[in-house]
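Please read the structure below before turning to the comments.
What you see is a predicted model, and the numbers here were worked out from it, not measured in a lab. Letters go in sequence order (proteins before strands), and every chain restarts at 1. For the numbers below, each heavy atom of this structure counts, side chains included, while hydrogens, waters and symmetry mates do not.
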2 protein chains.
Amino acid sequence: MATLSQIARLAGVSVSVASRVLNGDPKLRTRQDTRDRVLKAAKDLNYTANYAGRALRLARSKALALIIPAVSSPLFADLLSGATDAAEAQEYTLLIGRSDRITAGSDTLRRLVGEGRVDGFVLQRSDDLSDQALENLVANDARIVLVTSRTPGRRGSVILDDVAGARLATQHLVSLGHTRIGLIGGVPSSDIARRREQGYALALHEANLRRRDAWVRRLGYSPEMGALAMESLMATDPRPTGVVVANVNGAIGALTALRRLGIDVPGEMSVVAYHDEWVAEHTWPPLTTVKMPYYQVGVQAVQSLLSQLSGSPPQDIVVRDPPPLLVQRMSTAPPPARR
Amino acid sequence: MATLSQIARLAGVSVSVASRVLNGDPKLRTRQDTRDRVLKAAKDLNYTANYAGRALRLARSKALALIIPAVSSPLFADLLSGATDAAEAQEYTLLIGRSDRITAGSDTLRRLVGEGRVDGFVLQRSDDLSDQALENLVANDARIVLVTSRTPGRRGSVILDDVAGARLATQHLVSLGHTRIGLIGGVPSSDIARRREQGYALALHEANLRRRDAWVRRLGYSPEMGALAMESLMATDPRPTGVVVANVNGAIGALTALRRLGIDVPGEMSVVAYHDEWVAEHTWPPLTTVKMPYYQVGVQAVQSLLSQLSGSPPQDIVVRDPPPLLVQRMSTAPPPARR
DNA sequence: GGGGACTGAACAATCGTTTTTTCAGAGTTC
DNA sequence: GAACTCTGAAAAAACGATTGTTCAGTCCCC
């Protein structure tokens with residue numbers, strides 16, 4: 001590739017002038033024809049500023065990392081899109097990494113920033129990464145924004161309005177007439193799971209319904225865990241007539257379990273899932289879900305990170321716009337007539 | 001972060017010695033205690049070599065880009081894992097990008113390499129990117145390996161044994177006794193789609209079965225297209241009793257269409273999909289698929305790219321190991337009794 | 001016509017590495 | 001003891017970009 005000095009030589013100017021013209025330095029005084037010569041030379045040689053040279057000089061890479069637990073879940077598509085769009089808008093490059101590789105001993109995060117490969121990162125930690133473990137993994141001064149979860153301390157975060165989302169899902173079942181409503185939630189150590197459970201409890205409370213521990217499972221968000229949880233929930237007596245599953249992938253597993261058990265959905269059991277993704281349209285029955293503004297989380301996370309990079313203190317943001325949206329499909333219906 | 005010169009100062013040596021000790025330069029002659037002092041200093045200061053400085057000096061970024069069409073499809077999880085593992089093994093960083101953003105006018109690819117951000121990339125182009133368009137998008141000397149598709153010319157490629165895979169899927173239906181077997185394939189302009197159709201045709205030919213154009217659809221690999229194709233296939237008379245869907249996401253859409261039409265799977269219609277992914281276990285009925293060695297494609301692609309970077313000529317690789325594997329679930333069965 | 005202000009650019013330092021080259025001193029050889 | 005060779009390390013250049021400083025010329029003014 002062409003370098004700045006080649007441009008300068010071709011244009012018959014010094015490197016500094018070339019650099020300033022190309023960067024539009026307002027403090028540069030130059031004749032129009034000099035400027036034109038530089039621009040033409042850059043165009044002719046198809047100039048692109050070398051990334052390493054610039055990064056070295058500026059001590060900034062203009063790159064961010066987005067670390068998410070399961071790149072393969074369609075769920076993250078929105079988050080990814082949002083983050084990409086926001087990064088692109090500021091001419092930042094986005095590196096995507098998997099947080100399932102970020103285990104306690106790993107130095108990936110530290111290195112990414114330590115080497116100056118990225119200026120900061122957006123991290124969605126896996127559920128089993130504790131606050132303490134997290135702090136051990138990153139440098140104290142690392143610029144980082146957590147998404148969907150929080151950590152005590154001075155890190156920034158962007159989370160969903162989990163309480164409102166889970167509440168909406170629960171309210172949907174309530175409004176269909178369900179009175180025995182279960183919850184398949186995340187692992188208890190996760191603040192996300194706690195907020196969703198809170199929303200569930202809130203909706204029950206508002207409807208004067210009894211919240212029974214026997215109807216709550218806290219295993220995690222994978223299809224396998226969803227299936228397991230649903231099976232054990234079906235073994236309770238009386239069993240719930242409707243279940244809120246705090247993650248769509250878990251809900252997909254839950255549907256599979258119900259099918260194995262020969263329980264009709266939504267005839268005998270209604271299922272509503274937290275989060276929406278394309279697969280939810282193609283399950284049987286198609287899943288009723290609560291769509292959360294995941295795209296906006298991606299956007300906000302990157303924006304918040306960038307503002308941290310330019311000196312602002314870390315912020316804790318809750319994305320409430322657009323609000324949680326009930327996507328009604330076919331997995332929910334009024335409860336069966338009392339037996 | 002600590003710099004090399006800080007290490008050197010702390011260890012009481014010159015920068016050059018510090019650098020060579022840390023890089024294990026075999027040509028360096030040094031006393032053991034000098035070496036020890038350097039290593040200790042590096043450890044104490046928690047030294048990580050600055051990425052930009054190194055990249056600038058070496059004119060290599062030690063980063064690769066993996067560009068795939070739909071990051072959100074679970075299908076790509078394996079490819080991604082393979083590529084990540086292979087890159088990590090060589091201490092390369094992997095950037096993940098979306099090729100749905102790579103349209104004709106885009107200069108992303110050119111810039112990525114032009115800026116020196118990555119040394120080369122692995123590209124799975126979207127189906128609508130022609131060979132010509134592709135060549136326009138990348139610099140002539142860019143190091144690039146195409147995955148799952150090929151291009152005439154001197155680019156490297158790593159593809160699946162699509163003929164064998166599609167043949168296996170078709171053979172499965174044949175062995176169940178189907179004689180009227182349809183194909184829902186990719187768009188005709190894609191070489192991938194052509195190879196899969198070839199495998200389908202081959203299996204039919206081997207079984208002395210008639211291949212009917214009316215039973216072949218070529219719309220693409222999305223759930224929507226799969227659904228559309230299946231609907232139109234069901235309108236033929238006689239209709240096929242089994243269909244090979246050349247992509248699992250399309251097959252998911254096809255199942256949805258069949259459900260809408262009230263056609264029983266596998267009672268009235270068998271569906272076998274090309275490619276496996278976790279969602280296939282959770283559709284209704286669970287999809288019988290042919291699992292292709294996508295992980296290995298990721299590994300090989302990165303390895304092939306790295307060998308290109310170290311001077312070898314581009315290779316065209318077909319991954320045959322492990323061979324296509326039939327994952328039998330519940331969407332296939334013998335054809336209904338003749339009416 | 002000499003001093004000052006302005007114009008339009010060049011000069012030079014710097015970022016952190018890597019790597020070739022140079023070099024001082026100690027040891028060896030004849 | 002002069003001329004080597006080794007040893008162990010320092011010096012210096014280079015990668016490509018940015019940016020504060022310097023500088024040569026021109027114009028204006030009194």
| task | Nearest whole angstrom, please: distance from the C1' of C:dA10 to the CZ of A:R9. | result | 16 Å
| In whole Å, what is the span from the CG atom of A:L56 to the C1' atom of D:dC15? | 9 Å
| field | Nucleotide C:dG8, atom C1' - distance to CZ of A:R20 in whole Å | value | 11 Å
| query | Contact class for A:R54 vs. all strands (heavy atom < 4.0 Å): base, sugar-phosphate, or nothing? | reply | sugar-phosphate
| NA contact type, A:L28, heavy-atom cut-off 4.0 Å: base, sugar-phosphate, or nothing? | nothing
| said: Using side-chain hydrogen bond (donor to acceptor under 3.5 Å, both in side chains), reason through A:R125 and A:T151 one step at a time and then give a plain yes or no. | reply: CA-CA 11 Å; A:R125 54 176 160 172; A:T151 180; 4.9 Å; no
| said: Checking A:E277 now: which residues fulfil salt bridge (charged side-chain N to carboxylate O under 4.0 Å, His left out) with it, not counting sequence neighbours? | reply: none
| request: Between A:D25 and B:R29, name the one whose nearest nucleotide on DNA chain D is closer to the 5' end. | output: B:R29
| said: Side chains of B:R150 and B:S157: any donor to acceptor distance under 3.5 Å? | reply: yes
| request: Measure from CZ on A:R37 to C1' on C:dG8 and round the result to the nearest Å. | output: 11 Å
| query | Residues two or more places apart in sequence or in another chain: which of them pass side chain to side chain donor-acceptor pair (under 3.5 Å) with A:R143? | reply | none
| query | Within the structure shown, what part of the strands sits under 4.0 Å from B:N23 by heavy-atom distance: base, sugar-phosphate, or nothing? | reply | sugar-phosphate
| message | Quick check for you: among D:dT19, D:dG16, C:dA9, whose closest atom lies nearest to any side-chain atom of A:N50? | response | D:dG16
| task | Quickly work out the A:K27 NZ to C:dC6 P distance and round it to whole Å. | result | 18 Å
| query | Across the strands shown, which category fits B:T30 at heavy-atom distances under 4.0 angstrom: base, sugar-phosphate, nothing? | reply | sugar-phosphate
| request: Report the distance from atom OH of A:Y51 to atom P of C:dC15, rounded to the nearest whole Å. | output: 19 Å
| query | Is there a side-chain polar atom (N or O) of B:S5 under 4.0 Å from OP1 or OP2 of C:dG16? | reply | no
| task | Would you tell me if any nitrogen or oxygen in the side chain of B:R31 comes within less than 4.0 Å of OP1 or OP2 on D:dA9? | result | yes
| request: Using a 4.0 Å heavy-atom cut-off across all strands, classify B:A49 as base, sugar-phosphate, or nothing. | output: sugar-phosphate
| field | Gap between atoms CG and P, on A:L45 and D:dG16 respectively (whole Å) | value | 13 Å
| With sugar-phosphate meaning primed atoms plus P, OP1 and OP2, does A:A59 contact a base, only sugar-phosphate, or nothing at under 4.0 Å between heavy atoms? | nothing
| query | Quick one: does B:S16 reach the base of D:dA11 with a side-chain donor-acceptor pair under 3.5 Å? | reply | yes
| message | Under 4.0 Å between a side-chain nitrogen and a carboxylate oxygen: does that hold for B:R54 and A:E115? | response | no
| How close or far is atom C1' of D:dG8 from atom CG of B:D33, stated in whole angstroms? | 11 Å
